[in-house]
Amino acid sequence: MRLRPLLLCIVALSALGLRTHGSELSPEAALGKRLFFETRFAQAFFVQSNGDVNATLSAGDPNLSQTQTTGSALPGPFSGKTMNCRSCHLEDEQKDAPGGGIRTYADFARRTPVPTREDGKLTTLRNTPSLVSAQAKRNNFVLHFDGEFPTGAELVQGTFTGRNFGWLPGEQAKAAAHIANVIRKDNGTGDLALQFGGAYAKVFASDPSVPAAFQLPKKLRLDVSKASDAKILAAVGNLVNAFLQTLKFSADSSGVFNGSPYDLFLVRNNLPRAPNAKETRLDYSRRLRVAVNALTNPVFVGPGDGQFATHAVPYVFGTEELAGLKLFLAEAPIPAPTGPGAPTGGVGNCVGCHTAPEFTDFAFHNIGVSQLEYDGVHGSGAFMALKLPTLADRKLNPSATLPANARHPSYAGPFASIPSTDNANAVDLGLWNVYANPDLKNPQKALKKLAQLQFGKLKDNALLDKTVATFKTPGLRDLLDSQPYFHDGSVDTLQGTLNFYVLVGTLARANQIRNPDPRLAGIALTFSETVQITKFLTALTEDFKD
């Protein structure tokens with residue numbers, strides 16, 4: 001029997017371990033997925049291929065020979081090749097490996113290894129975030145822990161031409177030219193080409209020979225032989241972003257989450273599952289709290305209702321998980337009460353930042369992670385005493401204070417660095433590095449609105465002070481597929497994250513956190529209550545499948 005082109009594509013994908021959504025992926029998302037797996041955009045490929053974009057490398061990137069974890073390294077799924085997006089944003093590559101498992105488009109390392117270059121950097125600045133449901137609709141949309149990118153397409157372009165792919169600041173034009181060269185000269189014989197429609201030039205132009213599943217809409221088609229490097233790079237960014245927008249946690253036909261025991265518990269008890277039209281996520285979360293606290297005879301979820309295929313934890317939402325949910329939703333006033341009348345338990349104060357249903361407000365908060373990492377290197381109280389530049393200082397001496405970028409590749413960027421005994425200024429201040437940074441103009445409108453919503457209608461110099469060590473809130477769904485946690489990857493377990501919050505809450509009440517989120521001081525939990533919240537968070541687990 002003769003296989004049709006689309007069926008042939010699906011067979012090839014299965015043989016190589018690359019699943020396809022089948023008819024679920026649009027042609028642009030399918031091409032975006034191909035580009036997400038593309039290993040030839042890296043600087044190491046540029047160097048080793050000697051101008052032949054279809055070359056088979058003899059070495060590849062040695063960093064890809066293994067997948068780094070918080071424990072023993074695992075065999076690298078892209079060994080012998082060079083960097084691609086999937087190297088850091090894994091899904092099922094390590095599904096059956098001891099110490100591995102499913103990933104929600106994250107990896108297993110605290111900070112991800114990057115290609116070796118003369119700058120001496122060994123890893124990314126931050127833990128690799130999960131990409132699933134990261135592009136949920138919200139006001140003042142920005143991406144990354146520090147809000148650097150206002151769109152997914154710009155994030156993709158920045159990543160392909162940035163340090164993750166081995167390109168140094170100042171090499172962006174060279175990177176764009178190389179990426180465009182790969183697109184123009186791909187001969188269509190590689191594994192990805194065989195799986196996703198043929199040579200890039202033909203697919204981008206939607207040549208009649210390209211299977212229907214990969215025929216792009218007319219507005220997205222591009223004659224790459226005539227297009228500029230910049231236009232090709234922009235098209236690549238848009239296509240990968242189309243794929244990233246398909247990465248979502250399980251939901252029903254109306255877009256309401258339905259993949260976890262928690263979601264089933266909401267259904268069983270007729271609890272509100274999503275915000276109403278024009279209702280904020282925080283208002284929805286508070287409405288949910290009222291409904292949860294009013295339950296008199298809750299209907300629980302047990303192992304008989306389902307089981308996980310990729311997790312050893314039980315499929316349950318019982319009395320302990322419900323107690324954890326109530327603690328999670330409980331809020332303290334701002335400022336938090338102090339003195340003899342202050343609560344000693346019963347208030348998680350989590351929902352102020354982790355609003356349902358995604359369990360993130362997509363805003364920026366300082367919970368003390370950078371401070372504790374810095375103090376771990378320089379001693380207790382060191383971050384509190386660290387002298388930081390003002391906005392005027394940054395304007396006067398940007399090369400010594402701001403991160404390197406394409407326009408200014410020699411900027412020192414000490415405040416976007418991993419703490420080190422060699423440099424007392426090396427620390428990660430998160431949003432502080434991006435806010436009011438004249439070299440990063442595109443996200444500023446959204447960031448200013450977000451900052452003023454959080455911190456008040458202050459002027460830029462006062463707002464800058466409020467951004468110190470703040471980072472975008474991650475979502476909490478399916479956390480068992482994205483550990484380690486926090487932007488520095490410093491905590492391995494859910495229980496460890498709750499212990500951390502109890503610690504920083506105590507420090508905040510003693511005025512020992514610099515620029516703390518005001519909600520920290522309101523955290524009041526006993527150890528048994530942290531266990532209950534941990535059980536609730538575990539009930540947000542699902543069997544993720546892209």
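No salt bridge links Glu24 with Lys545; every basic N to acidic carboxylate O contact stays at or beyond 4.0 Å. A salt bridge is absent between Asp191 and Arg40: the closest approach of a Lys/Arg side-chain nitrogen to an acidic carboxylate oxygen does not fall below 4.0 angstrom. Salt bridge Asp229/Arg184: present, at least one basic N to carboxylate O contact under 4.0 Å. Between Arg519 and Asp517, at least one side-chain nitrogen of the basic residue sits less than 4.0 Å from a carboxylate oxygen of the acidic one, meeting the salt-bridge criterion. Ion pair Arg138/Glu358 not flagged as a salt bridge, since none of the NZ, NE, NH1 or NH2 atoms sits closer than 4.0 Å to an Asp/Glu carboxylate oxygen. Using a 4.0 Å cut-off between a side-chain N of Lys or Arg and a carboxylate O of Asp or Glu, Asp492 and Arg110 qualify as a salt bridge.
Ring geometry for Phe145 against Phe471 counts as perpendicular: the plane angle is over 60°, on a 0 to 90° scale with 30° as the lower cut. Using bins of under 30°, 30° to 60° and over 60° for the plane-to-plane angle, the ring pair Phe500/Phe486 lands in the tilted bin. Ring planes of Phe45 and His178: tilted class, angle from 30 to 60°.
In this structure, Thr67 and Pro77 have side chains that are in contact, with non-hydrogen atoms separated by less than 4.5 Å. Taking the side chain as every heavy atom from C-beta outward, Phe383 and Val468 approach each other to under 4.5 Å. Between Leu479 and Tyr485, the closest side-chain pair of non-hydrogen atoms falls below 4.5 Å. Counting only heavy atoms from C-beta outward, the side chains of Val240 and Thr159 never approach each other to under 4.5 Å. For the pair Asn238/Leu220, no side-chain contact is recorded, criterion being any heavy-atom separation below 4.5 Å from C-beta on. Side-chain atoms of Asn423 and Ser417, non-hydrogen and from C-beta on, never get closer than 4.5 Å to each other. In this structure, Val156 and Leu244 have side chains that are in contact, with non-hydrogen atoms separated by less than 4.5 Å.
Looking only at distances, a side-chain donor or acceptor of Asp543 sits under 3.5 Å from a matching main-chain atom of Thr310. For Asn127 (side chain) and Ala109 (main-chain N/O), a donor-acceptor pair under 3.5 Å exists by modelled atom type. Judged by distance alone, with hydrogens and angles left aside, the side-chain atoms of Thr124 form no donor-acceptor pair with the main-chain N or O of Arg111 at under 3.5 Å. Gln172 contributes a side-chain N or O that, together with a main-chain N or O of Gly170, makes up a donor-acceptor pair within less than 3.5 Å. In this structure a side-chain-to-backbone donor-acceptor pair under 3.5 Å is present from Gln444 to Val434. In this structure a side-chain-to-backbone donor-acceptor pair under 3.5 Å is missing from Arg86 to Glu93. No donor-acceptor pair under 3.5 Å is formed between the side chain of Ser206 and the backbone N or O of Arg221. When atom types are taken as modelled, the side chain of Asn63 and the backbone of Val114 share a donor-acceptor pair closer than 3.5 angstrom.
In this structure, Arg34 and Gly198 approach most closely via the heavy-atom pair NH1-O, 2.6 Å. In terms of heavy-atom proximity, Gly166 sits nearest to Arg117 at O-NH1, 2.6 Å.
The side chain to side chain contact (heavy atoms under 4.5 Å, CB included) test applied to Leu391 returns Arg394, Lys395, Ala436, Asp460, Asn461, Leu464, not counting sequence neighbours. For Lys248, the side chain to side chain contact (heavy atoms under 4.5 Å, CB included) partners two or more places apart in sequence, or in a different chain, are Ser133.
Within the structure, ring pair (Phe, Tyr, Trp, His ring centres under 6.0 Å) contacts touching residues 408-435 (residues at least two apart or in different chains) are His408-Tyr411, Phe415-Trp432. Residue pairs meeting the ring pair (Phe, Tyr, Trp, His ring centres under 6.0 Å) criterion with at least one partner in residues 55-77, sequence neighbours excluded, do not occur; the list is empty. Counting only residues at least two apart or on different chains, no ring pair (Phe, Tyr, Trp, His ring centres under 6.0 Å) pair has a member in residues 48-69. Screening residues 100-138 for ring pair (Phe, Tyr, Trp, His ring centres under 6.0 Å), with sequence neighbours left out, gives Phe36-Tyr105.
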Run the side chain to side chain contact (heavy atoms under 4.5 Å, CB included) check on Gln483 and Thr493 step by step: do they pass?
-> CA-CA 7 Å; Gln483 72 276 23; Thr493 65; over 6 Å; no

Are His311 and Asp478 close enough, and set up right, to give a side chain to side chain contact (heavy atoms under 4.5 Å, CB included), and what steps lead you there?
-> CA-CA 10 Å; His311 297 284; Asp478 201 17; 3.7 Å; yes

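No hydrogens or angles considered: a donor-acceptor pair under 3.5 Å links the side chains of Asn405 and Asp439. Neither side chain, Ser482 nor Ser130, offers a donor N or O lying under 3.5 Å from an acceptor on the other.
Going from atom OG1 of Thr112 over to atom CG of Asn164 covers 7.5 Å, rounded to the nearest 0.5 Å.
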